[in-house]
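Down below is the structure, laid out as structure tokens.
Atoms within a ligand are numbered from 1 in the order they appear, just like the ligands themselves. Quick note: residue numbers are just sequence positions, from 1. Bear in mind the structure is a predicted one, so any value in this text is a computation, not a measurement.
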Amino acid sequence: MPGGENVGVTRRTEVVELDPEHPDPEVLEHAGSVLRSGGLVAFPTETVYGLGADAGSAEAVRSIFAAKGRPSTDPLIVHVDAADSPLLVDVVAEWPDRAAALARRFWPGPLTLVVTGSPGIPAEVGAGTGTIAVRVPAHAVARGLIAAAGRPVAAPSANRFGRVSPTTAAHVLDELDGRIDLVLDAGPTTMGVESSVLDLTVTPVALLRPGGITLEQLEDALGEVHHVPRRVLADGTASSAPGQLLRHYSPRTPVVMVDASGGVSGELMQQLLDALCSAGVVAAPVDLPGLPDQAARQLYAALRDADELGVVLLLAPIAADEGIGRAVNDRLFRAAHGRVVSDAEASTVARLLSLVD
Ligand code: TXA
Ligand code: MG
């Protein structure tokens with residue numbers, strides 16, 4: 001894994017703009033050939049930008065981990081171009097009826113299914129678990145790229161490990177310029193938070209990460225779904241439960257979640273801001289729209305922009321814990337490293353002050 005900031009910065013990163021709905025086939029062919037020759041290509045999906053490599057090449061996959069500084073214990077999602085694509089057969093060892101039914105209902109779309117992996121896929125992709133996470137993204141550029149490459153594409157979000165996921169090509173360059181070969185820039189992503197990750201290898205099936213397909217939609221399709229609770233892990237360097245790292249999606253400025261549970265969150269927020277201000281600490285709220293879909297779309301850009309505000313502490317109001325709001329709260333909770341406050345008592349304010357000294 002890269003040690004210093006600049007280790008691994010050796011590539012010239014090409015950026016090509018293309019239409020999100022009708023991408024130029026020549027550009028896709030070029031990008032596909034970069035993937036076939038073992039290169040790294042960042043591309044838009046409906047959720048966030050992904051950092052793609054040929055999932056069949058152990059060397060290419062290892063270069064994803066190196067470019068991101070991601071621990072090899074955290075497995076990657078493999079993307080294929082359609083539910084009935086021959087590429088899917090290369091990726092999974094079995095395709096249970098339940099997977100087929102979910103794929104019919106939600107693909108292409110922001111649902112990732114964890115199943116038993118094919119021995120043909122390098123162990124690095126599933127981080128040695130023997131399982132594989134797979135999805136069909138709902139974005140013409142993503143699907144066109146996979147089809148042009150003719151390979152299943154392993155792609156985590158195109159950010160450095162532990163940082164905020166990218167929803168524009170500019171975000172990708174902020175994180176990975178000089179570490180990857182190509183960025184396909186098709187404008188901002190529409191959904192803004194990542195896919196839901198559903199583990200079909202356990203009973204009851206387990207929602208490992210809430211995302212674009214909501215728990216309510218999954219329960220409607222499946223009946224019982226176990227929602228794996230957020231785990232409070234202190235260091236965030238590795239975890240036996242993939243995707244459960246707490247230190248994740250973090251801006252540089254410390255974040256604390258504000259939960260007014262039942263009360264008026266605007267009031268509690270103002271009390272906290274005032275108390276901090278009296279103590280000489282400049283904090284700011286993470287400003288998100290009230291509508292959950294819009295909050296999801298703007299979440300990561302808001303967290304990135306917050307780093308530019310010149311404040312020392314960010315307070316994030318909790319959203320209603322339903323629908324896509326669950327995904328927004330999950331990411332904010334992780335950005336906050338699990339810190340939540342629910343009152344403006346002196347001891348609470350003291351806790352906040354201790355984060356910034
Ligand atoms: O929307 C998305 O899912 C985006 C776009 C690019 O498709 N990708 C994405 O990848 O968010 P990444 O690597 O940032 O997050 C993948 C999540 C991680 O939490 C990882 O631990 C989990 O999926 N995951 C991957 N493979 C898994 C496996 N075999 N078993 C359990 N969890 C897995
Ligand atoms: Mg990620």
Side-chain angles (χ1 to χ4, degrees), residues 41-53 55 61 64-65 67-80 91-93 106-118 121 123-139 141-143 145-146 152-167 171-172 175-176 184 189-202 205-213 228 230-231 233 236 238-250 296 300 324 327 330-331 334-335:
V41 177
F43 62 95
T45 76
E46 77 280 32
T47 59
V48 300
Y49 273 73
L51 174 58
V61 166
I64 291 182
F65 287 96
K68 280 187 60 112
R70 176 169 170 134
S72 57
T73 49
D74 198 5
L76 305 177
I77 297 173
V78 175
H79 300 69
V80 296
V91 172
V92 303
F106 297 115
W107 282 0
L111 176 64
T112 293
L113 299 174
V114 176
V115 296
T116 308
S118 158
I121 292 293
E124 285 89 342
V125 178
T129 57
T131 62
I132 207 87
V134 62
R135 86 175 185 104
V136 177
H139 196 297
V141 172
R143 295 173 72 191
L145 169 67
I146 300 161
V153 174
S157 51
N159 51 279
R160 303 287 289 276
F161 178 68
R163 295 262 303 134
V164 178
S165 302
T167 53
H171 296 165
V172 175
E175 303 270 326
L176 296 169
L184 297 179
T189 61
T190 49
M191 183 150 256
V193 292
E194 298 87 342
S195 62
S196 306
V197 179
L198 189 69
D199 188 350
L200 296 180
T201 68
V202 293
V205 299
L207 181 60
L208 302 180
R209 179 177 73 181
I213 299 296
V228 179
R230 305 170 180 125
R231 281 234 318 248
L233 289 188
S239 162
S240 56
Q244 294 300 301
L245 305 186
L246 193 68
R247 206 185 124 271
H248 226 113
Y249 313 105
S250 300
Y300 290 134
I324 193 103
D330 173 74
R331 308 309 189 268
R334 292 166 197 264

**Request:** Check whether any side-chain heavy atom of Phe65 lies under 4.5 Å from a side-chain heavy atom of Phe161, and answer yes or no.
**Result:** no
**Message:** Contact between Val92 and Ile132 at the side-chain level, heavy atoms closer than 4.5 Å - yes or no?
**Reply:** yes
**Message:** Does any N or O of ligand 1 fall below 3.5 Å from an N or O anywhere on Ser195, backbone included?
**Reply:** yes
**Asked** N/O of Arg135 under 3.5 Å from N/O of ligand 1, yes or no?
**Response** yes
**Asked** Under 3.5 Å, N or O to N or O, is Lys68 touching ligand 1 that way?
**Response** no
**Item:** Atom indices of ligand 1 within 4.0 angstrom of Ala133 heavy atoms, with elements
**Value:** 25 (C), 26 (N), 27 (C), 29 (N)
**Fill in**
Within 4.0 Å of some non-hydrogen atom of Leu208, the atoms of ligand 1 are 31 (C), 32 (N)
**Asked** In terms of atom number and element, which parts of ligand 1 are under 4.0 angstrom from non-hydrogen atoms of His79?
**Response** 5 (C), 6 (C), 7 (O)
**Item:** Beyond-backbone contact of Pro110 with Met191, side-chain heavy atoms, under 4.5 angstrom
**Value:** yes
**Message:** Using heavy-atom distances only, which candidate in Val114, Ile77, Leu113 approaches atom 30 (N) of ligand 1 most closely?
**Reply:** Val114
**Message:** Please list, in number order, the atoms of ligand 1 under 4.0 Å from a heavy atom of Gly50.
**Reply:** 6 (C)
**Message:** Below 4.0 Å, non-hydrogen atoms only: which portion of Leu76 touches ligand 1? Side chain, backbone, both or neither.
**Reply:** backbone
**Request:** Find out whether His171 and Asn159 are in side-chain contact, i.e. whether some heavy atom of one side chain is under 4.5 Å from a heavy atom of the other.
**Result:** no
**Request:** Could you check which of Asp74, Val197, Asn159 puts a non-hydrogen atom nearest to atom 21 (O) of ligand 1?
**Result:** Asp74
**Request:** Would you confirm whether Ser196, through its side chain, and Ile213, through its main-chain N or O, come within 3.5 Å as a donor-acceptor pair?
**Result:** yes
**Item:** Donor-acceptor pair, side chain of Arg143 and main chain of Val136, under 3.5 angstrom
**Value:** no
**Item:** Option nearest atom 29 (N) of ligand 1 (shortest heavy-atom distance, choices Thr47, Thr131, Val134, Ile64)
**Value:** Thr131
**Heteroatom N/O/S of Ser157 within less than 2.8 Å of the Mg ion (ligand 2)** = yes
**Request:** Would you sort out whether Ser165 and Glu194 count as a side-chain hydrogen bond (donor to acceptor under 3.5 Å, both in side chains), showing the intermediate values?
**Result:** CA-CA 9 Å; Ser165 302; Glu194 298 87 342; 2.5 Å; yes
**Asked** Do any N/O atoms on Arg70 end up under 3.5 angstrom from N/O atoms on ligand 1?
**Response** yes
**Item:** Heavy-atom gap Glu46 to ligand 1 smaller than 4.0 Å
**Value:** no
**Message:** Quick check: do Val134 and Trp107 have side-chain heavy atoms less than 4.5 Å from each other?
**Reply:** yes
**Request:** Answer yes or no: is there an ion pair linking Glu46 with Arg135, defined by an N-O contact shorter than 4.0 Å?
**Result:** yes
